[in-house]
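To start, the structure itself, in structure tokens.
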Amino acid sequence: MSKKRSGGGLSPTQQAAKFLGVSVLAGAVMAGIALPAAGALGLAAKGSVESFDELPTNLKTPPLSQRTTILDSKGGTIATVYSRDRTVVELKDISPYMQKAIVAIEDSRFYQHGAVDLKGVLRALNKNAQSGGVSQGASTLTQQLVKNVAVEEAGDDPTKVAEATQQTIGRKIRELKYAIQLEEELGKKKILENYLNITFFGQQAYGVEAASQRYFSKHAKDLDLEQSALLAGIVQSPSRYDPVNDEAEATKRRNTVLQRMAEVGDVSKAEADKAKEQPLGLKVSKPKNGCITAVKGAGFFCDYVREVFLTDPVFGKTKEARAKVWNQGGLTIRTTMDPQAQKSAQKSIKEHVYQKDDVATAATIVQPGTGKILAMGQSRPYGINTKKNETTLNLSVNQSMGGGAGYQPGSTFKPIVAAAAIEGGTPATQMYPSPYEMDYPAPVQECSGNVWNEKGVPVSNENESEVGPYDMKTATAKSVNTYYVQLISDIGICPVTEMAAKMGVERADGGKIQQAPSIALGTQEMSPLTMANAYATFASRGMYCTPVAIESITQRVGEKSKSLQVPKSTCSRAMSETTADTINTLLKGVVEDGTGSQAGLGPSRDSAGKTGTTDERFAAWFVGYTPNMAGAVWVGDPAHKRKMQQITIGGVWHSKVFGGEVPGPIWRDMMSGALEGRDAPNFTLVNIPDPPKKDKGKGDGNNDGDTAGNNNGGNDNGGNDNGGNDGGNTTFPTPTFSIPEGFIQGTTNGNGNSNNGGGRG
């Protein structure tokens, strides 16, 4: 006889008996409601019935979380992501063996009883009493489905999961009532289908289709007898009967299922015995989840798509609402990624910059006039092994979208200054003395109406032989710093920052572009995506379009699919067509006979672009475009510690790195492959008269003219591999001149020192 414990509580056997007694009472209540023949039991439980009737009648059935598939623009799979690996299938797509196996082992009287199996409850009570514990349960498949629905609703919240599975009388009563509802509304076949789609089978597999793929690498409709028996046996305890980690225990459980199938007449004894002799025959496929599984090096693009979904209000008013839709999954996301462009970008990156190199490269291609992101890649692959130079930091995008704090673009910012000047009426024939070295002109007008009026701050060109006078065409081709600081001093800082804003140019860290003359030389940290999309404005003859990565989204909810609204690119005119055409003419000259000649695409395809190299060569750029594609390539150390001097990149030794020398060829090869077989439209060019000829020295052909010996910049903080800002404790080279207080509004590091390394040229 069972006895009370010393603490006065019930023994385990008494607790089990009490629980099952309640189950019997509840079963009787159900019988009193649903089965008139059991009315006596129903009357005896009148008080329980009244409480039961007060329960809600509608079971909230959440959509089952499923895989989300991310596709490229041609429909090819980039990656699959999921909170729970599940692919919902119809009953007709599930092997009959599997259907029979799960019913045989979990609820053999499934087709004979209602929502509650009173006979099963009594049988369980009897067996448990004989064993002195809880050796057999009495929940029907329908009741188990109700419990699984509650677990699904709880999601990944451990507290809610515990509440959904706690062994309490109240939960059991609710489960019973909801089970009746499901039996009335769905019928047996639909209940079985739902059960097989919602149930957890271990190894991150939810639902029979995912389980079949995980353990046997086949569809659920193709499962044979012994495979079906194995999967059906796992359900009771996925960890205990895990065939991957405990083959012997899983085999015993499988054979128990086969024996039960023979007992209920689903298969003959001979069939069951033969199946018992078979090995498990596992053909395990590893879970393939997340952007780390992306093909064509598109892990970072995949991650960008995820960031867009979680941050754009079009997918939900709050972050929590958007995350819920994302985790629910079942999405098919067709993106803007062009497989040809992506393949070409990664091929060029791999050939020119090695994963093991001290520095990295990131490249992005966008489509002018639409804002569509066509490619996004980098030399350090998507991953968490920092010893192998893997990273999850997207070097192509802003900090808010999973990137770092950005990199100074150097002279690639100069065309924005030129565009502001031309739009304001300055002719492209404008001449300036442009000596090798000079002081920044002062005063210079700011947007606030104040003026920058510091005296005695020098700036110089890359080569002493670069001495003007120069017009805009020559100064742009040679990337003459002293020309551009004179230009910004004439037009003021505000027209430049306003033009930058119209072109979508913003600091990668989200801060405001500083009001200082040195912005003409690219001292504000930008991301490759920002620069590529800005130059796309020139390519589209002055129309700026916000970047987009998603073409369409279809969401499957149950058996139905619906289309979700997606963010659209918004286009606006940033400058006149004439201004854009003038910039195109200037930058076409850069790749034909200027600092970007190594990036040219040849005589059969119009191209334009600009090189950029920053102070102390912490970063080098080439940003360029054709009328139908624009791309940006950055090379540098994401941690902003390794100068690109006396360095090997991609197996090639460089005493000094220039924008036209390393990023330029990457851009050329990337764009050549991306554009192969596509139309080759021409730019609309304007006539820019040459200035009167004058004999003067020529610069060294090996230098791109982008770096100034003395540079003044803003915040030199680059993103590190953890997405943070490296500037805080980085020691920068001492400039060769004294920077007046207030000239640059650099950030202050943890030691109270202002970082004024700035971009050269």
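Since this is a predicted model, take the numbers as computed values, not measurements.
- Checked against side chain to side chain donor-acceptor pair (under 3.5 Å), T578 has no partners two or more places apart in sequence or in another chain.
- The closest donor-acceptor contact from the side chain of T614 to the backbone of Q408 lies at 3.5 Å or more, if one exists at all.
- Considering only residues two or more places apart in sequence or on other chains, F413 meets the ring-ring contact (aromatic ring centres under 6.0 Å, His included) condition with none of them.
- Taken from CG in L601 to CG in D669, the straight-line distance is 9.5 Å, to the nearest 0.5 Å.
- Side-chain atoms of N461 and T482 include a donor-acceptor pair closer than 3.5 Å.
- With hydrogens and angles disregarded, no donor-acceptor distance shorter than 3.5 Å links the side chain of N394 to the backbone of D303.
- Screening residues 392-408 for salt bridge (Lys or Arg N to Asp or Glu O under 4.0 Å), with sequence neighbours left out, gives no hits.
- Checked against salt bridge (Lys or Arg N to Asp or Glu O under 4.0 Å), D690 has the following partners two or more places apart in sequence or in another chain: K473.
- Taking each heavy atom of V359 and V353 in turn, the nearest pair found is O-CG1, 3.8 Å.
- Contacts classified as salt bridge (Lys or Arg N to Asp or Glu O under 4.0 Å) and involving residues 342-353 (residues at least two apart or in different chains) are given here: K347-E351.
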Solution key, residues 419-428 side-chain donor-acceptor pairs under 3.5 Å, sequence neighbours excluded:
{"from": "E423", "atom 1": "OE1", "to": "S576", "atom 2": "N", "distance (Å)": "3.2"}
{"from": "E423", "atom 1": "OE1", "to": "S576", "atom 2": "OG", "distance (Å)": "3.4"}
{"from": "E423", "atom 1": "OE1", "to": "T579", "atom 2": "OG1", "distance (Å)": "2.5"}
{"from": "E423", "atom 1": "OE2", "to": "S576", "atom 2": "N", "distance (Å)": "3.3"}
{"from": "T426", "atom 1": "OG1", "to": "A421", "atom 2": "O", "distance (Å)": "3.4"}

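- Every residue meeting the ring-ring contact (aromatic ring centres under 6.0 Å, His included) condition with Y382, not counting sequence neighbours, appears here in chain and number order: F300.
- Ring orientation note: the planes of W326 and F309 are tilted relative to one another, at an angle of 30° to 60°.
- With sequence neighbours left out, K372 forms a salt bridge (Lys or Arg N to Asp or Glu O under 4.0 Å) with E551.
- Applying the salt bridge (Lys or Arg N to Asp or Glu O under 4.0 Å) criterion to E592, with sequence neighbours excluded, gives K588.
- Contacts of D338 classified as side chain to side chain donor-acceptor pair (under 3.5 Å), with partners at least two apart in sequence or in another chain: R678.
- Pairs engaging residues 481-512 under the ring pair (Phe, Tyr, Trp, His ring centres under 6.0 Å) rule: Y432-Y483 [sequence neighbours left out].
- In terms of the salt bridge (Lys or Arg N to Asp or Glu O under 4.0 Å) criterion, residue partners of D581 (sequence neighbours excluded) are, by chain and number, R541.
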### Task
In sequence, state the C-alpha distance, the side-chain angles, and the governing distance for R334 and T554, and then conclude on side chain to side chain contact (heavy atoms under 4.5 Å, CB included).
CA-CA 9 Å; R334 185 180 286 267; T554 301; over 6 Å; no
